[in-house]
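Accompanying notes for the structure given below.
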Amino acid sequence: MRHPVIAGNWKMYKTIAEAVRFIDVLKPKVASANHCEVVVAPPFTALKAVAEAARSSNIQVAAQDVSWEKEGAFTGDVSASMLREAGCTHVIIGHSERRQYHHETDERVNRKLKAALAGDLTPIVCVGETLEEREAGRTQAVLERQFTEGFAALTAQDFSRIIIAYEPVWAIGTGRTATPEIAAESHRALRSLIVKQFGGEVAEQTRILYGGSVKPDNIQGLMAQEEIDGALVGGASLKADSFSAIVNYL
Ligand code: 13P
């Protein structure tokens, strides 16, 4: 049985004060959620304060990006060890917004994810096709390219520490969720790529989350799919009520 993960990606929302208030409100609402891991991904500025506010709770903290370098003259970048020190356990890598606005390529995703693993962070690696790619019937090919290049030159042991998030770009922030069946189809495609590259045992234990307009009213249908091992939630993770309703989907 794969232990589900419900993660909230706050994107560029919440000041430090807002973030800490949010954690104080969220904590009791998710305190008895043993059926899944709970992760929140605040902006860099709020990471340390959120990690402190979430200490001795079941809420874990993720960054939204990481540098592939350990240190150096890389203005604006933040290294894996800095994130660890701030209290992060996870890091989101290759989100479509970073691919779209910051020229994040599969090769960069690969380098960042190796840096995250070396820095003892759990990478949550995002993949997914655009609407144009889906309509051109290229979903499978896009996932295959993102997978092969993004996860190149990893051992099965490295790969077993990774969480994948399937986030079809056309479903992000649009209110247009993939149906559970469409999501599950892509998850199956991804899992068979894992089987090919890393073997059946690793594939069986890899968590594949779905992301894209996940809300309290569609989480149950998504989680009913055997292939879907959790969710990466954007908009609905910004309010404690809606995020806790998603965490407590059972
Ligand atoms: P929404 O839930 O707002 O569609 O965002 C999804 C997402 O991008 C999570 O990383």
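The residues of the chain are indexed from 1 along the displayed sequence. Note that these values count all heavy atoms, side chains included, but never hydrogens, waters or copies made by symmetry.
Between R161 and L121, the closest heavy-atom pair is NH2-O, 4.1 Å. What you find for A41 and A63 is that their closest heavy atoms are CB-O, 4.4 Å. Across all non-hydrogen atoms, the minimal contact from A49 to V20 is CB-CG2, 3.7 Å. Minimum heavy-atom separation, A116 to A80: CA-CB, 4.4 Å. Of all heavy-atom pairs between A19 and A46, the closest is CB-CB, 3.9 Å. Here the closest non-hydrogen pair linking A62 and V39 is CB-CG1, 3.7 Å.
The environment of K239 atom NZ is sparse: at most 12 non-hydrogen atoms of other residues, nucleotides or ligands sit within 6.0 angstrom. For E69, the CD atom counts as densely surrounded, since its 6.0 Å shell holds more than 12 non-hydrogen atoms of other residues, nucleotides or ligands. Annotation for E133: atom CD counts as buried by contact number, over 12 foreign heavy atoms lying within 6.0 Å. Within a 6.0 Å radius of CD in E181, other residues, nucleotides and ligands contribute more than 12 heavy atoms. Within 6.0 Å of OH on Y13 lie no more than 12 heavy atoms contributed by other residues, nucleotides or ligands. Within a 6.0 Å sphere centred on CZ of R138, other residues, nucleotides and ligands contribute 12 heavy atoms or fewer.
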Under the side chain to side chain contact (heavy atoms under 4.5 Å, CB included) criterion, do Q100 and T130 qualify, and how do the steps go?
-> CA-CA 10 Å; Q100 187 180 352; T130 63; over 6 Å; no

Passes side chain to side chain contact (heavy atoms under 4.5 Å, CB included), S96 versus I172? Steps please.
-> CA-CA 9 Å; S96 63; I172 295 177; 3.3 Å; yes

Verify side chain to side chain contact (heavy atoms under 4.5 Å, CB included) between I59 and K27, making sure each step is shown before the conclusion.
-> CA-CA 7 Å; I59 302 169; K27 261 197 292 198; 3.8 Å; yes

Evaluation steps, side chain to side chain donor-acceptor pair (under 3.5 Å), between E132 and W170 | CA-CA 9 Å; E132 199 184 9; W170 47 272; over 6 Å; no

Are V61 and L83 close enough, and set up right, to give a side chain to side chain contact (heavy atoms under 4.5 Å, CB included), and what steps lead you there?
-> CA-CA 10 Å; V61 182; L83 297 176; over 6 Å; no

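In this structure, the separation between OG on S32 and CG on N58 is 8.5 Å, given to the nearest 0.5 Å. Annotation: the span from I194 atom CD1 to T206 atom OG1 amounts to 4.0 Å, rounded to 0.5 Å. Atom CZ of R84 and atom CG of L47 lie 12.5 Å apart (nearest 0.5 Å). Separation of atoms CG (L113) and CZ (R108) is listed at 15.0 Å; rounding is to 0.5 Å. Between the CD atom of Q205 and the CZ atom of F198 there is a distance of 12.0 Å, given to the nearest 0.5 Å. Remark: Q140 CD to L190 CG distance equals 8.5 Å, nearest 0.5 Å.
The closest donor-acceptor contact from the side chain of E18 to the backbone of T15 lies under 3.5 Å. For H35 (side chain) and V247 (main-chain N/O), a donor-acceptor pair under 3.5 Å exists by modelled atom type. In terms of modelled atom types and a separation under 3.5 Å, the side chain of D106 and the main chain of E149 share no donor-acceptor contact. Side chain of R99 to main chain of C126: a donor-acceptor pair is present (N/O by atom type, distance under 3.5 Å, no hydrogens or angles). Checking side-chain atoms of Q60 against main-chain N and O of V40 turns up no donor-acceptor pair under 3.5 Å. When atom types are taken as modelled, the side chain of H102 and the backbone of E104 share no donor-acceptor pair closer than 3.5 angstrom. Using a distance-only test at 3.5 Å, with no hydrogens or angles considered, a donor-acceptor pair links the side chain of S192 to the main chain of R188. Between the side chain of K11 and the backbone N or O of Q64, no donor-acceptor pair lies under 3.5 Å. Panel note: side chain R134, backbone T139; no donor-acceptor pair is recorded below 3.5 Å. Using a distance-only test at 3.5 Å, with no hydrogens or angles considered, no donor-acceptor pair links the side chain of T177 to the main chain of T179.
Both I93 and M82 sit in one connected hydrophobic cluster of ILVMFWY residues. Membership requires side-chain heavy atoms under 4.5 Å apart, directly or through other members. A continuous path of Ile, Leu, Val, Met, Phe, Trp and Tyr side chains, each step under 4.5 Å between heavy atoms, connects W10 with F243, placing both in one hydrophobic cluster. In the hydrophobic clustering of ILVMFWY residues, with side-chain heavy atoms under 4.5 Å counting as a link, I92 and L154 come out apart. Tracing side-chain contacts under 4.5 Å through hydrophobic residues (I, L, V, M, F, W, Y), one reaches V109 starting from L193; they form part of the same cluster. Linking ILVMFWY residues whenever their side-chain heavy atoms come closer than 4.5 Å, directly or via other members, places V38 and I23 in the same cluster.
The shortest distance between side-chain heavy atoms of S186 and Y210 does not fall below 4.5 Å. Residues M12 and P43 have side chains not in contact (no heavy-atom distance under 4.5 Å, counting atoms from C-beta outward). Between S237 and N9, every side-chain heavy-atom pair lies at or beyond the 4.5 Å cut-off. No side-chain heavy atom of F147 sits under 4.5 Å from any side-chain heavy atom of K196. Taking the side chain as every heavy atom from C-beta outward, F22 and P42 never approach each other to under 4.5 Å. Put simply, the side chain of D65 does not reach to within 4.5 Å of the side chain of V91, judged on heavy atoms.
The side chain to side chain contact (heavy atoms under 4.5 Å, CB included) test applied to S56 returns no partner, not counting sequence neighbours. Residues forming a salt bridge (charged side-chain N to carboxylate O under 4.0 Å, His left out) with K29 (at least two apart in sequence, or on another chain): D241.
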Atom pairs and distances, side-chain donor-acceptor, residues 222-234, under 3.5 Å, sequence neighbours left out:
| residue | atom | partner | partner atom | Å |
| --- | --- | --- | --- | --- |
| E227 | OE1 | R191 | NE | 2.9 |
| E227 | OE1 | R191 | NH2 | 3.2 |
| E227 | OE2 | R191 | NE | 3.4 |
| D229 | OD1 | R2 | NE | 2.9 |
| D229 | OD1 | R2 | NH2 | 3.4 |
| D229 | OD2 | R2 | NE | 3.1 |
| D229 | OD2 | R191 | NH2 | 2.9 |
| D229 | OD2 | I208 | N | 2.9 |

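In summary, the side chains of E37 and H3 do not present any donor paired with an acceptor at a separation below 3.5 Å, with no hydrogens or angles considered.
Ion pairing between a basic and an acidic side chain is recognised when a charged N comes within 4.0 Å of a carboxylate O; D158 and K114 show no such pairing. Between K48 and E85 there is no salt bridge, since no side-chain N of the basic residue sits under 4.0 Å from a carboxylate O of the acidic one.
Relative orientation of the F151 and F159 rings is perpendicular, given thresholds of 30° and 60° on the angle between their planes.
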